[in-house]
Amino acid sequence: MKKMNRTILSTVALLIAALVTITNAAEEIFPKEALPMASGYLTIKEKPGAQMFYAYYEAIEPALQLSDRPIVLWLQGGPGCSGLIGNLYELGPWRVAQDLRLHKNSAPWNRVFGLLFLDNPIGSGFSVAPTDQDIPSNQEEIAKDLYSALQAFYDLNPLFKSRPFFVTGESYAGKYVPSLAYYMVEQLEKGGFLRIDGAAIGNGFTHPVVQVQAHASVAYAVGLIDYQQKLYLESLQEEAVSLTTQHKWNDARIARNRVLGYLKNRTGLATLDDMRRTVPYYKFDNGTDYLRLFVNQGGVKEALNAHPTATWVSCRNTVRRRMREDIMKSTKWKVERLLLKIPVLLYQGQFDLRDGVLSTEDWMRTLEWNGLAEFWRAERKVWRVSKVQAGYVRSYSNLTHVVVARAGHLVPADQNLHSQVMIESWVAKSLATSAVQ
Ligand SMILES: *[C@@H]1O[C@H](CO)[C@@H](O)[C@H](O)[C@H]1NC(C)=O
Ligand SMILES: *[C@@H]1O[C@H](CO)[C@@H](O)[C@H](O)[C@H]1NC(C)=O
Ligand SMILES: *[C@@H]1O[C@H](CO)[C@@H](O)[C@H](O)[C@H]1NC(C)=O
């Protein structure tokens, strides 16, 4: 009897020791202070079994009481890339480095805002699509799924409903951001109750038929291709334009890939995301994705409340394939509607060859909006942060354009402080005045 008790006791002691070890290991990978305030899955009521992964961080140094404190939603591009790229590599409070550890971000986007990351569309990151058919194939479906997930988020946090809400994102989110914001504006007009206070797009892909024509000029101007190559690249661009105007969406997508492929091939660049980089974002020199190595550790999924058996990839091909007919379609018309209703910020890192400054300015010139002439008449000002030249700002009424100096495709990864100052002052409606020379 005594002996058995002792055996039980020592087994219990061993179990506890094992548990403590596991907990410590998880804590080491993911320090307690780095945990989101909440994370896990949001349901989409129209799609039984679908789950959208989210991570929410409250403001670190809140300047306003909770009911007035803005919430910023961040959407990743792709299509098919996970919001954890933004979270753990760009603008979140803790970021992964090559040592596969989390380091405190000295200038995250949740300094004075609540910050929400979603793995959108379902099928991306940790989000669950019951079948491939449940993965959206167009912007309208994406907006509806996002809206449902937001409703689930507010159901969990009813007190958040009064808080100003800003939709932001990058790259292919140049389509998601206007699509969701426009859907929210429409819902509001139909008596919906979710707030929408502004939309911001970083290095966005919004109006492909114009944007696909910018690559040759940009690459030639900075010496990355010669005149003959420029002429050839222009002919490839024209093919993509022609197929787009014929609404041959899949062929147009393939033609655009030829443009990007030729550019990459002839320039020999490691990535089109930033002409300065010798290694792509979140990769080791040998090409291994270190964000993927970090996120797939057991302790990380546990800490984030993700399904423990899920395999995380930064960008998922299944989603990209489902969205193939969407790639060359435009959402510029939604930006035009938004400009009549809410502030819109378009910002680009200066060294991006994918969706950069010229690429954006070219389609901005084609905007049909009654404020456009005034916008271009407004002076483009040098933007300084603590006396350091941070880029350029032009703003009129609901439209603001920012060029971010010394940044590529992933602006917050390259310029965390300047991107933080930018988003905070834009939300506070002071970017065009106070921060500018
Ligand atoms: C470009 O493509 C050709 C084949 O089409 C290949 O021979 C060449 O090595 C490529 N150049 C670069 C820089 O990748
Ligand atoms: C790439 O480099 C990293 C870090 O040096 C290393 O951990 C990894 O095993 C390497 N992968 C390959 C495929 O060589
Ligand atoms: C900007 O948005 C406001 C609503 O916030 C609207 O009243 C105004 O007409 C818009 N301005 C322009 C030039 O479209």
Side-chain angles (χ1 to χ4, degrees), residues 36-39 42 54-76 83 86-87 90-93 105 107-118 120 143 146-147 149-170 173 176-185 187-188 192-202 204 335 338-339 341-347 385 393 395 397-400 402 404 411-412 416-435:
M37 189 189 104
S39 62
L42 302 168
Y54 80 104
Y56 179 73
Y57 300 83
E58 196 43 80
I60 301 167
E61 301 168 21
L64 297 168
Q65 59 177 12
L66 189 78
S67 56
D68 300 330
R69 196 182 304 152
I71 293 179
V72 169
L73 165 67
W74 176 264
L75 299 171
Q76 212 67 41
N87 186 348
E90 300 186 61
L91 55 139
N105 180 355
W109 282 26
N110 68 322
R111 193 180 74 90
V112 291
F113 308 139
L115 183 56
L116 176 63
F117 295 95
L118 294 174
N120 162 75
L146 281 169
Y147 193 80
L150 285 177
Q151 281 177 318
F153 176 73
Y154 285 111
D155 285 346
L156 291 174
N157 308 281
L159 289 176
F160 288 7
K161 276 185 194 158
S162 67
R163 302 173 66 174
F165 184 73
F166 294 83
V167 182
T168 71
E170 180 178 87
Y176 306 152
V177 169
S179 298
L180 172 62
Y182 175 66
Y183 189 77
M184 293 181 83
V185 165
Q187 292 305 111
L188 266 175
F193 53 82
L194 295 191
R195 279 185 74 147
I196 170 75
D197 294 84
I201 300 169
V335 176
L338 290 176
L339 284 169
K341 308 275 181 183
I342 57 170
V344 173
L345 166 65
L346 305 172
Y347 69 88
V385 176
V393 179
S395 185
S397 177
N398 302 325
L399 181 58
T400 303
V402 175
V404 183
V411 168
N416 60 343
L417 175 63
H418 296 171
S419 78
Q420 182 200 54
V421 170
M422 176 192 72
I423 200 73
E424 288 183 4
S425 46
W426 172 70
V427 164
K429 297 189 162 56
S430 64
L431 177 60
T433 49
S434 70

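Worth saying up front: this structure is predicted, and the values here are computed from it rather than measured.
Proximity of the aromatic rings of Tyr183 and Tyr147 is defined here by a centroid distance below 6.0 angstrom, and this criterion is met. Aromatic pair Tyr56/Phe117: centroids not less than 6.0 angstrom apart.
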task = Kindly indicate, with the supporting measurements, whether the criterion side-chain contact (heavy atoms from CB on, under 4.5 Å) is fulfilled by Val393 and Thr400.
result = CA-CA 7 Å; Val393 179; Thr400 303; 4.2 Å; yes
key: Verdict with reasoning, Phe113 to Val427, per side-chain contact (heavy atoms from CB on, under 4.5 Å)   = CA-CA 10 Å; Phe113 308 139; Val427 164; 3.7 Å; yes
inquiry  = Pair Asn87, Trp74 - check side-chain contact (heavy atoms from CB on, under 4.5 Å), show working.
reply    = CA-CA 9 Å; Asn87 186 348; Trp74 176 264; over 6 Å; no
inquiry  = Between Arg163 and Glu58, does the salt bridge (charged side-chain N to carboxylate O under 4.0 Å, His left out) criterion hold? Intermediate values first, please.
reply    = CA-CA 12 Å; Arg163 302 173 66 174; Glu58 196 43 80; 3.0 Å; yes
query = Could you go step by step and tell me if Val185 and Leu338 meet the side-chain contact (heavy atoms from CB on, under 4.5 Å) rule?
reply = CA-CA 8 Å; Val185 165; Leu338 290 176; 4.0 Å; yes
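Under the side chain to side chain contact (heavy atoms under 4.5 Å, CB included) test applied with Leu91, the options Asn416, Ile423, Leu115 reduce to a single match, Leu115.
If you take CD on Gln187 and CG on Leu150, they are separated by 11.5 Å, rounding to the nearest 0.5 Å. Atom CG of Leu180 and atom CG of Leu146 lie 5.0 Å apart (nearest 0.5 Å). For the atom pair CG of Leu431 and OG of Ser395, the computed distance is 7.0 Å after rounding to the nearest 0.5 Å. One finds the CD1 atom of Ile342 at 9.0 Å from the CE atom of Met184 (value rounded to the nearest 0.5 Å). Taking OG from Ser162 and CG from Asp68, the interatomic distance works out to 6.5 Å, rounded to the nearest 0.5 Å. We find the CG-CD distance between Leu156 and Gln151 to be 12.5 Å, quoted to the nearest 0.5 Å.
Nearest heavy atom pair, residue Tyr176 against residue Gln76, reads CE1-O, 3.2 Å. Pairing each heavy atom of Ala181 with each of Ile196, the nearest pair is CB-CD1, 4.1 Å. Contact record, Pro108 with Gln420: O-NE2, 2.8 Å, taken as the closest heavy-atom pair. For the residue pair Gly169 and Val177, the shortest heavy atom distance occurs at N-CG2, 3.6 Å. Across all non-hydrogen atoms, the minimal contact from Val167 to Leu75 is CG1-CD1, 4.1 Å. When all heavy atoms of Ala143 and Ser179 are compared, the closest pair comes out as CB-O, 3.6 Å.
In this structure, Val335 and Tyr182 have side chains that are not in contact, with every pair of non-hydrogen atoms separated by 4.5 Å or more. Between Val411 and Tyr347 there is a side-chain heavy-atom pair separated by less than 4.5 Å. Using a 4.5 Å heavy-atom threshold, the side chains of Leu118 and Leu73 count as touching. The side-chain heavy atoms of Pro70 and Val112, taken from C-beta on, include no pair separated by under 4.5 Å. The closest side-chain heavy-atom distance from Leu194 to Leu188 is not below 4.5 Å. Residues Thr168 and Leu345 are not in side-chain contact: their nearest non-hydrogen atoms beyond the backbone lie 4.5 Å or more apart. With contacts defined as side-chain heavy-atom distances shorter than 4.5 Å, the pair Tyr57/Trp109 does not qualify. Residues Ile71 and Pro164 form no side-chain contact, since every pair of their non-hydrogen atoms from C-beta on lies 4.5 Å or further apart.
Of the possible donor and acceptor atoms, none in the side chain of Asn398 sits under 3.5 Å from a partner among the backbone N and O of Val344. With Asn105 contributing its side chain and Ala107 its backbone, the two residues share a donor-acceptor pair below 3.5 Å. Counting only distance, with no hydrogens or angles, the side chain of Ser425 and the backbone of Ser430 share no donor-acceptor pair below 3.5 Å. With hydrogens and angles disregarded, no donor-acceptor distance shorter than 3.5 Å links the side chain of Arg195 to the backbone of Lys161.
Ring pair Tyr154/Phe165 is perpendicular by interplanar angle, where above 60° counts as perpendicular and below 30° as parallel.
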